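Heads up, the thing below is written out as structure tokens.
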Amino acid sequence: MSVGLAGLAADTSVFMALHMLDVDRPVARAVSLGLATCLTWAINRRITFARTGRPPAHELSRYGMVAVVAQGFNYLLFLWLSVVFASVYPPILIALCAAAASGISYSGQRLFTFAPRVAAPDGDAT
């Protein structure tokens, strides 16, 4: 949970900084989500999940696949809510969207990205 809160803090901080510089919401949110995703990968890799035995590049590509799905949902939900509830303070929308996407993200990372590497019957590990 603390990894998610760190990601949310980074996401919100970067978004608000860019938003105050008059960067369009879609662009600011894409940048803030990208940076938050990089931060959470680093924390998850070091603290949350055990080593998988996969090469780091392979693990990172798996993380990226899950992140595209979870953060894509997060991003599109934010854009939609920003139109429907245009007067709501953006950090509230960011928190709601992050909460909505958190189950997708955690489940994907736990069951796919950081799942232990399993040896195939022929001896190769996947």
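These figures come from a predicted structure and were not determined experimentally.
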- request: Find out whether F112 and M65 are in side-chain contact, i.e. whether some heavy atom of one side chain is under 4.5 Å from a heavy atom of the other.
  value: yes
field: Nearest heavy atoms of H19 and A28, plus distance in Å
entry: N-CB, 4.4 Å
Sub-4.5 Å side-chain heavy-atom contact between R29 and S82: no
- request: Identify the heavy atoms of L93 and F85 that sit nearest to each other, and give their distance.
  value: CD1-O, 4.2 Å
task: Flag the pair Y75 / P26 as yes when at least one side-chain heavy-atom distance between them is below 4.5 Å, and no otherwise.
output: yes
- request: Indicate, with yes or no, if V84 and L77 share a hydrophobic cluster defined by side-chain heavy-atom contacts under 4.5 Å among Ile, Leu, Val, Met, Phe, Trp and Tyr.
  value: yes
message: Minimum heavy-atom separation for A6 and I43, please, with both atom names.
response: CB-CD1, 4.0 Å
message: Applying a strict under-4.5 Å side-chain criterion to I, L, V, M, F, W and Y, I'd like to know whether L39 and V31 cluster together.
response: no
message: Using a 3.5 Å distance criterion without hydrogens, assess whether the side chain of T40 forms a donor-acceptor pair with backbone atoms of T37.
response: yes
field: Donor-acceptor contact below 3.5 Å, side chain S105 vs main chain S102
entry: no
- line: Residues P90 and F15: closest non-hydrogen pair is CB-CE2, 3.4 Å
query: Can any side-chain N or O of S61 pair as donor or acceptor with the backbone N or O of H58 at less than 3.5 Å?
result: yes
Short side-chain to backbone donor-acceptor contact, Y63 and T113, under 3.5 Å: no
task: Find out if a path of hydrophobic residues (ILVMFWY) with successive side-chain heavy-atom gaps under 4.5 Å connects L79 to I104.
output: yes
Linked, directly or transitively: L8 and L81 (ILVMFWY side chains, under 4.5 Å): yes
- prompt: Just wondering, do L18 and V27 contact through their side chains at under 4.5 Å, heavy atoms?
  reply: no
field: Shared hydrophobic cluster, L76 / V66 (ILVMFWY, side-chain heavy atoms < 4.5 Å)
entry: no
- line: Rounded to the nearest 0.5 angstrom, the CD1-CG distance for I94 and L33 is 8.0 Å
- request: Could you tell me which non-hydrogen atom of M16 sits nearest to which non-hydrogen atom of Y89, and how far apart they are?
  value: CE-OH, 3.7 Å
- line: For D11 and S32, the nearest pair of non-hydrogen atoms, with its separation, is OD1-OG, 2.6 Å
